[in-house]
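Predicted, not measured: the structure shown is a model, and the values here were computed from it. Just follow the structure's listing: the first ligand is 1, and inside any ligand the first atom is 1.
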Amino acid sequence: MIRVVVSGAAGRMGQAVCEAVDGAGDMELAAKADPTLGVELADVLGAADVVVDFTTPDAALPNLRACLGAGVHAVAGTTGFDLEALREAAVSAGAGGNCFVAPNFAIGAVLLMEVSQTIARHMPECEIVELHHDRKLDAPSGTAKRTAELIDAAGGNVHEPIHSIRLPGLVAHQEVIFGGEGQTLSIRHDSIDRRSFMPGVLLAVRKAASLPDRFTVGLEKLL
Ligand SMILES: NC(=O)c1ccc[n+]([C@@H]2O[C@H](COP(=O)([O-])OP(=O)(O)OC[C@H]3O[C@@H](n4cnc5c(N)ncnc54)[C@H](O)[C@@H]3O)[C@@H](O)[C@H]2O)c1
């Protein structure tokens with residue numbers, strides 16, 4: 001059994017992760033950490049093989065540093081914090097924890113990023129529109145920033161700015177629109193339920209201990 005501690009357990013994603021871990025036959029929900037539950041991550045780190053963090057841009061980096069310091073594997077979905085600072089912390093950490101980060105755990109969003117790179121080689125000019133619920137703290141989304149990085153690396157040209165729409169009723173959505181001579185090509189992914197992220201989160205929990213590198217970004221690396 002993999003002992004999982006969920007950090008941000010009272011949040012929208014945290015609650016969905018607790019439910020998914022509870023329903024996984026090979027995992028045990030060892031503890032729920034969240035200030036609104038009166039439980040600090042530091043108090044329950046000792047119970048974890050893997051910590052799953054879906055918190056806030058301010059909380060994620062200290063939480064993940066604490067995991068690395070304790071030699072506990074971490075799976076992070078929080079967006080809007082300094083990934084380079086986490087990379088440095090992970091590679092210089094003495095203890096044995098691995099750190100896996102994905103800006104999007106939904107398979108459809110990962111496929112959108114993969115397909116975007118192929119399209120960009122033939123139709124480089126594009127714009128990204130991302131749409132999320134109105135309680136999201138960061139903009140543009142981590143998924144949009146990662147998509148832009150991947151498209152640029154594939155030879156595309158993502159026009160600035162990335163367009164961020166925040167409205168009640170939305171969950172997590174993204175469209176990439178490519179434009180060429182006399183034609184456009186649009187690809188879109190919609191997460192309409194937070195359960196869309198759970199197979200990816202459980203996969204990362206299962207693979208966290210055996211990752212070849214201390215710091216890994218992107219669900220595509222696990223597929
Ligand atoms: N990677 C993905 O696939 C994916 C998908 C959806 C959302 N997200 C990201 O996940 C994060 C959480 O989103 P949400 O909608 O669940 O937010 P939310 O506001 O509903 O939940 C965040 C929770 O974190 C808790 N928290 C704050 N500080 C904490 C700390 N120091 N330790 C532990 N818990 C703490 C809060 O009390 C809250 O309950 C956001 O950054 C969001 O962008 C990622």
Peer 1: Check whether Thr143 reaches the backbone of Pro103 with its side chain - one donor and one acceptor, N or O, closer than 3.5 Å.
Peer 2: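 Flag set: sc Thr143 to bb Pro103 pair under 3.5 Å.
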Peer 1: Got an N/O contact under 3.5 Å between Met13 and ligand 1?
Peer 2: yes
Peer 1: For atom 32 (N) of ligand 1, which of the options Leu41, Asn63, Val75 provides the nearest non-hydrogen atom?
Peer 2: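 Heavy atom nearest to atom 32 (N) of ligand 1 belongs to Asn63.
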Peer 1: Which pair of non-hydrogen atoms, one from Ala24 and one from Arg206, has the smallest distance, and what is that distance?
Peer 2: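 Minimum heavy-atom contact is CB-NH2, 4.0 Å.
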Peer 1: Within ligand 1, which atoms have a heavy atom of Thr79 less than 4.0 Å away?
Peer 2: 41 (O), 42 (C), 43 (O)
Peer 1: Is a donor on one side and an acceptor on the other found under 3.5 Å between the side chain of Gln117 and the backbone of Met113?
Peer 2: yes
Peer 1: Using a 4.0 Å heavy-atom cut-off, say whether Ala172 meets ligand 1 through its side chain, its backbone, both or neither.
Peer 2: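 For Ala172, there is no contact with ligand 1 at all, from either part.
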Peer 1: Show me the pairs that pass side chain to side chain donor-acceptor pair (under 3.5 Å) and involve residues 207-223, at least two apart or across chains.
Peer 2: Arg146-Glu220
Peer 1: Can you name the atoms of ligand 1, numbered from 1 with element, that are less than 4.0 Å from a heavy atom of Ser7?
Peer 2: 33 (C)
Peer 1: For atom 2 (C) of ligand 1, which protein heavy atom lies nearest, and how many Å away is it?
Peer 2: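 Here the nearest protein heavy atom works out to Pro103 O, 3.4 Å.
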Peer 1: Keeping the roles fixed (side chain from Glu127, backbone from His159), state whether a donor-acceptor pair exists under 3.5 Å.
Peer 2: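 Here the side-chain-to-backbone pair does not exist.
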Peer 1: For the pair Arg188 and Asp190, find out whether any cationic side-chain nitrogen is under 4.0 Å from an anionic carboxylate oxygen.
Peer 2: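 Salt bridge present between Arg188 and Asp190.
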Peer 1: Please identify which atoms of ligand 1 are closer than 4.0 Å to at least one heavy atom of Thr36.
Peer 2: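 Within the 4.0 Å cut-off of Thr36, ligand 1 contributes 37 (O).
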Peer 1: Does any N or O of ligand 1 fall below 3.5 Å from an N or O anywhere on Asp34, backbone included?
Peer 2: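 Yes - when backbone and side-chain N and O of Asp34 are compared with those of ligand 1, one distance drops under 3.5 Å.
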Peer 1: Compare every heavy atom of Asp82 with every heavy atom of Leu61, then report the nearest pair and how far apart it is.
Peer 2: CD1-O, 4.3 Å
Peer 1: Quick one: CZ on Phe178 to CD1 on Ile128, what's the gap to the nearest 0.5 Å?
Peer 2: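 The CZ atom of Phe178 sits 8.0 Å away from the CD1 atom of Ile128.
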Peer 1: Tell me whether Lys136 is salt-bridged to Asp134, with the criterion being a basic N under 4.0 Å from an acidic carboxylate O.
Peer 2: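 No, Lys136 and Asp134 are not salt-bridged.
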Peer 1: Can you find an N/O atom of Ala102 closer than 3.5 Å to an N/O atom of ligand 1?
Peer 2: yes
Peer 1: Does an N or O anywhere in Arg12 fall below 3.5 Å from an N or O of ligand 1?
Peer 2: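 Checking ligand 1 against Arg12, an N or O pair does fall under 3.5 Å apart.
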Peer 1: Which protein heavy atom lies closest to atom 12 (C) of ligand 1, and at what distance to 0.1 Å?
Peer 2: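 It is Thr55 O, 3.2 Å.
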Peer 1: Which residue holds the protein heavy atom closest to atom 4 (C) of ligand 1, what is that atom called, and what is the gap in Å?
Peer 2: Phe54 CE2, 3.7 Å
Peer 1: Any side-chain heavy atom of Arg166 within less than 4.5 Å of one from Glu130?
Peer 2: yes
Peer 1: Within the structure, is a non-hydrogen atom of Asn104 found at a distance of less than 4.0 Å from ligand 1?
Peer 2: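 For ligand 1, residue contact (heavy atoms, under 4.0 Å) with Asn104 is present.
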Peer 1: Which of the numbered atoms in ligand 1 are below 4.0 angstrom from a heavy atom of Gly77?
Peer 2: 1 (N), 2 (C), 4 (C), 8 (N), 9 (C), 10 (O), 44 (C)
Peer 1: List every atom of ligand 1 that sits less than 4.0 Å from any heavy atom of Lys136, numbering the atoms from 1 in the order shown and giving each element.
Peer 2: 43 (O)
Peer 1: Mark up the atoms of ligand 1 that fall under 4.0 Å of a heavy atom belonging to Phe105, in ascending order.
Peer 2: 1 (N), 2 (C), 3 (O)
Peer 1: Decide yes or no on side-chain hydrogen bond (donor to acceptor under 3.5 Å, both in side chains) for Thr55 and Asp53, but give the supporting numbers first.
Peer 2: CA-CA 6 Å; Thr55 57; Asp53 186 280; 2.8 Å; yes
Peer 1: For Arg12, give me all partners under side chain to side chain donor-acceptor pair (under 3.5 Å), at least two apart in sequence or on another chain.
Peer 2: none
Peer 1: Between Gly11 and ligand 1, is there a nitrogen or oxygen pair with a distance under 3.5 Å?
Peer 2: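 Yes, Gly11 has an N/O under 3.5 Å of an N/O on ligand 1.
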Peer 1: Which atoms from ligand 1 have a heavy atom of Ala59 less than 4.0 Å away?
Peer 2: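 Taking each heavy atom of Ala59 in turn, ligand 1 has 28 (N), 29 (C), 30 (C), 31 (N) under 4.0 Å.
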Peer 1: Under 4.0 Å from any heavy atom of Pro35, which atoms of ligand 1 are there?
Peer 2: 26 (N), 28 (N), 29 (C), 30 (C), 32 (N), 33 (C), 34 (N), 35 (C)
